[in-house]
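We name chains A, B, ... by the order of the sequence lines, and we start the count at 1 in each one. Values below: every heavy atom of this structure, side chains too, minus hydrogens, waters and symmetry copies.
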Amino acid sequence: MPGSGSYSTQELMITAAAREIRDGEVVFVGMRLPIAAFGVARLTHAPGAVGLFECGLVRHAPATDMLYTMGDPPNQLGAAWATGLVQVMGQLQAGRVDAGFIGGAEIDKFGNINTSYIGDFSNPRIKLPGSGGAPDIAAMAGRLLAIMNHEKRRLVERVDYVTSPGYLGGGGARAELGLAGGPAAVITDRAILRPHGPLNELHLASVHPGHTEEEVKENTGWDLKSAPRVVETPPPSKEEMDALFKVDKEGFWR
Amino acid sequence: MPGSGSYSTQELMITAAAREIRDGEVVFVGMRLPIAAFGVARLTHAPGAVGLFECGLVRHAPATDMLYTMGDPPNQLGAAWATGLVQVMGQLQAGRVDAGFIGGAEIDKFGNINTSYIGDFSNPRIKLPGSGGAPDIAAMAGRLLAIMNHEKRRLVERVDYVTSPGYLGGGGARAELGLAGGPAAVITDRAILRPHGPLNELHLASVHPGHTEEEVKENTGWDLKSAPRVVETPPPSKEEMDALFKVDKEGFWR
Amino acid sequence: MGGKLLSLGEAMGRHVNDGDAVVLGACLEPDVPFAATYEIIRQGRKNLNAIAPISDASTDMLIGAGCVTQVTGAWVGNVSGGLGHNYRRAVEKQIPHPIAIHDHSNFSIAMALTAAAHGMPYAPLRTLLGSDILRSNPRFKVTENPFSETAEPVVLVPPLKPDVAVIPVQRADKDGNCHHWGNAGLIQEAALASDRIVLLADELVAAEVITSDPSRVPFPGYRVTAVCHEPAAAHPSPMTGRWRRDTPFLDQYHRASRRRDDFLAWLDEWVLGVADHHAYREKLGGRLEELRIKDDAPSAPANYAAK
Amino acid sequence: MGGKLLSLGEAMGRHVNDGDAVVLGACLEPDVPFAATYEIIRQGRKNLNAIAPISDASTDMLIGAGCVTQVTGAWVGNVSGGLGHNYRRAVEKQIPHPIAIHDHSNFSIAMALTAAAHGMPYAPLRTLLGSDILRSNPRFKVTENPFSETAEPVVLVPPLKPDVAVIPVQRADKDGNCHHWGNAGLIQEAALASDRIVLLADELVAAEVITSDPSRVPFPGYRVTAVCHEPAAAHPSPMTGRWRRDTPFLDQYHRASRRRDDFLAWLDEWVLGVADHHAYREKLGGRLEELRIKDDAPSAPANYAAK
C-alpha cells in the first residue's frame, strides 16, 4: 500500500507494538519489529522509555542505522550502557523491567511459546533454534509482548514444548510458581490477542483494518473467543507515521 | 641497625614473607608488610608472581610510589586489571589463588585469627575493626600467611572469636568443613611458626637472629612446641637487600 | 518532576531518610563519599543502617555523631590509623547510644549486594565456614550442596537491598549517566541493589562525553535518582586520576576521635561548623590543591565508530 | 615454556583437544570467533561440547563438519537467517551423526558460567520455572528458597566449567593482557570459568597500551593461555569499532547450508580449501575492506595519573 496515508502490515504491527510501551518504562527490546516499535514509542508518547538488549546494551535513543543484530556497531555507538548479559538480565530477574518483546514459532491459547522442539523433545520432528533469552523475558518481565505471524499451525491449542512460559495450564498456574507478569498482548499480522477471564486464555481483542473476526478465528488453531469488546486496530496516526519514517529510513518495513 | 649489611626487624619480616611466595603464584597481597614482600619476591626469586588486591586490582609490578591503602592512585596507575571485588575474590573462591597474607590482633595455636571481638561478641570488652576480607582469604586461599607482633596477649591458647579460620579445633576439623588450605606460616617479629603434626598445631620453626627459642616461647600465650628442626631465620641476602631498597625507596621499613 | 541535578544538601535531604539503609562507601579504600557523610551528620539524620564492606573513617564518624543504630559490614575503623574509636565507644560503652552489628566478610557482603543487584533469591558461598561470623550474624544459613556427592556445606546469604547508595564518580552528566575508572570495588553491585542512587560527580560533563564510552559506565543513568556536582567529595579518601589520599587528615581524625570530647570538637570544626562541601573545600584551601592530581596519564582511546 | 603468542593453527592444535568443552562465542551477536571455528574444522577436531548462549552460525558449522557431539547453549541457528540447518539435520536425522543437547536459556547459561567463574557451588535462579527446559535438561534442580516464608521455588544451576574459551578482543599485548569494549555479553564469565583462554587479537599492541587503561581489561593476562594476532577473526560477525557485520555472507551460508551437499561445498570453499585465516582474508579481499570501520568515534580519555 504505497502512497501518502498508507502503511504496510508490518508498520501497523510496529505501531501497535509501540503503543504497548508506556512512557518511562524499561523494556527488553530484542530485534526486528520491536526495535522499530521502541523507536516509534520514544518519538511519540514514550520519550522516556529505555531499551535493554540482552547482549549487554542499554539505549535511550534507538540506533540511527540499520541493525541486523542487536550487537551491530550502530547499536554500540551512542549506547547509554555497554555491559554484560548478567547485568542486563539481572535487572530482569530483580523485577526492574516493565515489559519485554519476544517472537516465536508456536504459541498456544495460554500464551506459552515454543521455539525449541516440534514433536517430542527426545526425538523431535523439527528442531527449532532454541530459547535464547526468551524464557527469561517471559518468566521475569512485568508484561510479555509477543509478535507472531497469524497462522493456524503457529497459534495452537497446546505447544509441544514450553520454551517460554505464558500462563502455562491457565488460571493461577503461572502465579503458583511464583512468577509475576505474563503475556499482555500477542500482536499478529491480523489481530491483537489479550488474556481475558479467570483462565487467562488469549482472546481476540483487536482486529487489524482489512481483516475480519471470522478470518482471524479461522486462522487460529484453537477455538478463539472474542473479548467483551473487540475493536479495530487504529491505523498509524500522522505522528506515528512520521516517527516510523524517522526510525525506518531505509523503508525496510514498508 | 643502620649501616651497610644491617636490616631492621621489619625488613627481616618482609624478606621472610617474600620467601613464602613462589614464582608464578597468584597471591592476595594486602597492605603494609606483605606489599613490600610481594615487591621483593618479584625482584628476586618470583618474577612471575601476580598480586591481587580485594578492592579490585591486579598487579604484576608493584606500585612505584608509597601506598597508604591498596586503592591509592599509585596502585591504580599501571595496574594489570582494575575490576570489582567480586571478580578478584571470585578467583579466591574458585580455588585459583595460591596464597594470601593477613594480619591480626589475636592468633591461637591452631592459627585461628581474631580481628573482631575481645570477650563475648554480644558484650565485648574490646571491639576490633572486624574482618575485612581476611575470613575469605583464610577460608579459600591455597596457603594462609599471617603476620603478627609476637606478644603473649596476641598469641593465645584459644581466640575469643574466630574471625578467620585456621585449623579450628585442630586435626581434621578444617578439612571436615570442606575447606582446603590453611595457615602455612605465621611470621612474627621474633620467629616463624608453622603447623606441624597431626593436630596442625603451630610449632616454632625458625627463630630470627638476635632472638632465642626460650624468649619466643615465653612471649607465646600457649605452650609453644618446637618443630623437629628449628633453624635461624636467614638474614636478608645482598640480592634481597637490593630489592628491599628498590621497593622501599623512602625507607619506611628501615 | 524537575531534573536530577541537586545540591548535596537537597539530595541528602530528599533521598536519605531517618531509618534508611545507606551505602556510604562501596569502592573499598578510594571514593568514600565523605561529603555525603558530613552532610548527613549536619542534617542530623537518625537510625541509619550504615552499609559498607569497609568505609575508612566514614562509618566511625556517623556512629560518633549519633546517626547510626545499625552497621552492616565487614570492617569499621580507620584504614591508615587502625581502630575506630567511635565504633569502640558505641559497642563497648553504648556512647552515644547502642548500635547493632550485622557482621559480614568483604566477600559475603559483596555477594549479598550482588544477589540484590541481580535479583538472585540468595547467594551461595564457600566462605565463612569455620568463622564465628556465622554465630554473631544469624542471617546466614548453612545448607548442603545438592550437586555434591559427598557432604559439602554451603553458606547462603540473603540479598541486601539498601534504600540508597551514594557513589562518587569521576564524571557524570546532569541525567545521571556517568563514568568511573580505577578499581570498582562494589560500586556496580551496591548501586544496582539500591532503590535510589545518588551520584557525587567530581566533574559535570556533557552527555556526549559519557556516551563516547558506554563500556566505562558502571550502571545506567536511568537508575540514578540524583546527581550532585561536588569536586573532591571523597576527600580525605582518594579518587583515581583526580585526588590523592589525605592521610594526615585521617591520622588527625584518628587521634582526635580517641576521646569523645576531642571527637566532638573535630566534628564542630570539620562538619557542623562548615556550611557545606564548598565551604569545606575553601577551608582546606591549599591543602586540597596539593592533593589534586596534576599529571596526565590518559587511557588509550577506544573507537566506537559504526562505519 | 615459550611465549603466549602463537599462530591460530598452533593455538588450536595445542589448546583445543578432542572431547573438550569449548566456548566459541561468548559475546552474543558480535565477536563470534569464526576464525577459530574454521581452524578447528580444518584440524578435524572431534567430540567437542560446543558451549555458547548463542553463537550465530558458528555452532551450526561445527555440527555440520562433524566436530561436535554435544551442544550446551540457548540457541543454535543463524541470527539474520533463522534456522540452523546443520543443527536440524543432526537432531532430526542424525546427519552427520547424533548430538546431545544440554538446553539452557541465555540467563541460565550465563549464571552457570558465572558460578564457575567466581567459584560458586551453584547459581540460584528465578528463571526457567514453567519452562520445559527443566524437563529436557536434567542438570537443573528445583528447590525452595529457605529465606522465604511462603513456598517459593528456586532453580539451581551447577557451575559450567569449559576446558577452553576462545575470545576475540580489539587489542592485546603478547602476554595476554587485553582490552575489549562494546557490549560484553559473557566474555568475562566465560573466560574466568575456563581452564584455558585463547585470545584472538584484532590488533597486537605494546604492553603500555593495555596498562594505560586497566578498567578496560575484561580478565587478567595471567589467566590467558595463548594470544593469536588475527585481524577480522570474528568475520562475518561484527567487532565494535573495527568491523561491520557481513550479513550477506551469513545469508549465503544460510542458503548453502539448507542442503547437505551445498553445505559441504561451502565448507570446501570457505574452510577446508583455505589454508588459514590469512588466506581467508585474502580471499575476502575488497569485501573485507568494505566492512572495515574507517570512521573514528574515540572514547573520552580517562586519567590514571597518580600525582
Side-chain angles (χ1 to χ4, degrees), chain B residues 31 53-57 68-79 82-90 92-93 95 112 114-117 119 121-136 138-140 159-166 168 173-174 176-179, chain C residues 27-31 53-54 56 73-80 82-84 87-88 90-92 101 103-108 110-111 114 125-133 135-136 150-153 181-189 237-241 243-245 247 250 293 297:
Chain B
M31 283 305 303
F53 301 86
E54 62 201 86
C55 63
L57 290 171
Y68 292 92
T69 80
M70 58 181 91
D72 283 2
N75 217 30
Q76 312 275 355
L77 179 65
T83 185
L85 185 153
V86 171
Q87 281 78 359
V88 172
M89 288 208 136
L92 190 59
Q93 190 174 233
N112 303 299
N114 179 12
T115 51
S116 299
Y117 301 94
F121 69 75
S122 61
N123 184 23
R125 193 158 49 77
I126 301 174
K127 180 70 193 90
L128 301 168
S131 61
D136 310 313
M140 304 187 292
V159 290
D160 288 340
Y161 181 98
V162 177
T163 310
S164 302
L168 301 169
R174 179 187 173 94
E176 276 164 29
L177 288 179
L179 299 179
Chain C
C27 199
L28 286 284
E29 294 84 359
D31 298 347
I54 75 167
D56 213 316
W75 193 95
V76 174
N78 185 299
V79 172
S80 50
L83 292 166
Y87 191 40
R88 285 196 61 178
V91 177
E92 296 168 19
I101 301 173
D103 282 307
H104 272 275
S105 72
N106 277 353
F107 193 60
S108 74
M111 292 307 296
T114 298
L125 312 172
R126 296 190 198 276
T127 192
L128 295 195
L129 291 165
S131 170
D132 284 336
I133 290 174
R135 280 203 300 139
S136 61
T150 56
E152 182 192 315
W181 61 93
N183 77 290
L186 296 171
I187 67 165
Q188 181 176 74
E189 295 83 356
S237 70
M239 174 176 270
T240 301
W243 302 99
R244 294 186 298 121
R245 188 171 194 266
T247 300
L250 283 154
I293 289 173

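- Contact annotation: the side chain of C:Phe107 never approaches that of B:Glu54 to less than 4.5 Å [non-hydrogen atoms, C-beta and beyond].
- Considering CD1 of B:Ile126 and CZ of C:Arg88, their distance stands at 5.0 Å, rounded to 0.5 Å.
- Of the listed residues (C:Thr247, C:Leu250, C:Ile101, C:Val79), the greatest number of heavy-atom pairs within a distance under 4.5 Å of chain B belongs to C:Thr247.
- Heavy-atom pairs under 4.5 Å with chain C peak, among B:Gly56, B:Gly130, B:Ser131, at B:Ser131.
- Looking at C:Ser105, both its backbone and its side chain come within 4.5 Å of chain B, counting heavy atoms on both sides.
- Proximity to chain B involves both the backbone and the side chain of C:Glu92, based on heavy atoms less than 4.5 angstrom apart.
- Between C:Asn183 and B:Phe53, every side-chain heavy-atom pair lies at or beyond the 4.5 Å cut-off.
- Contact count against chain C (heavy-atom pairs under 4.5 Å) is highest for B:Pro165 among B:Ala134, B:Pro165, B:Gly119.
- Neither the backbone nor the side chain of B:Arg174 comes within contact range of chain C, judged by heavy atoms closer than 4.5 Å.
- Ranked by heavy-atom pairs shorter than 4.5 Å toward chain C, the options B:Gly71, B:Pro129, B:Pro74, B:Ala138 are led by B:Pro129.
- Distance alone, capped at 3.5 Å, is enough to place a donor-acceptor pair between the B:Lys127 side chain and the B:Ser116 backbone.
- Both the backbone and the side chain of B:Leu128 come within contact range of chain C, judged by heavy atoms closer than 4.5 Å.
- For the set B:Val159, B:Thr163, B:Val88, the entry with the most heavy-atom pairs within less than 4.5 Å of chain C is B:Thr163.
- Of all the listed residues (C:Leu28, C:Asp132, C:Thr127), the one sharing the greatest number of non-hydrogen pairs under 4.5 Å with chain B is C:Asp132.
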Check against side-chain contact (heavy atoms from CB on, under 4.5 Å), C:Arg245 and C:Ser80
CA-CA 10 Å; C:Arg245 188 171 194 266; C:Ser80 50; 3.1 Å; yes
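- Contacts between C:Glu189 and chain B at a heavy-atom distance below 4.5 Å involve the side chain alone, from C-beta outward.
- Both the backbone and the side chain of B:Met89 come within contact range of chain C, each with at least one heavy atom under 4.5 Å from a heavy atom of that chain.
- Remark: the C:Ser237 side chain and the C:Asp56 side chain contain no N/O donor-acceptor pair separated by less than 3.5 Å.
- Between C:Val91 and B:Pro124, the closest side-chain pair of non-hydrogen atoms falls below 4.5 Å.
- At least one side-chain heavy atom of B:Gln76 sits under 4.5 Å from a side-chain heavy atom of C:Pro30.
- No other option in B:Thr69, B:Val86, B:Asp136, B:Thr83 has as many heavy-atom pairs under 4.5 Å with chain C as B:Asp136.
- C:Ile293 touches chain B through its side chain: at least one heavy atom from C-beta onward sits under 4.5 Å away, while N, CA, C and O do not.
- Contact of C:Ser136 with chain B is made through backbone and side chain together, with heavy-atom distances under 4.5 Å.
- When the side-chain contact (heavy atoms from CB on, under 4.5 Å) test is applied to C:Trp181, the partners found at least two apart in sequence or on another chain are C:Gln170, C:Arg171, C:His179, C:Arg216, C:Thr240, C:Arg242, D:Ser215, D:Ala302, D:Tyr304.
- Pairing each heavy atom of B:Leu168 with each of C:Gly130, the nearest pair is CD2-O, 3.3 Å.
- Heavy-atom pairs under 4.5 Å with chain B peak, among C:Leu128, C:Asp31, C:Leu83, at C:Leu83.
- Within the 4.5 angstrom heavy-atom criterion, atoms from both the backbone and the side chain of B:Leu177 approach chain C.
- Residues passing the ring pair (Phe, Tyr, Trp, His ring centres under 6.0 Å) test with B:Tyr117, sequence neighbours excluded: B:Tyr161.
- Heavy-atom distances place the side chain of C:Asp103, and not its backbone, under 4.5 Å from chain B.
- Chosen from B:Ser164, B:Pro135, B:Gly178, the residue pairing most often with chain C at heavy-atom distances under 4.5 Å is B:Pro135.
- Of the residues considered (C:Thr150, C:Leu129, C:Asn106, C:Ile133), C:Asn106 shows the highest number of contacts with chain B, using heavy-atom pairs under 4.5 Å.
- Contact of the B:Asp72 side chain with the C:Glu29 side chain is not registered, since no non-hydrogen atoms from C-beta on lie closer than 4.5 Å.
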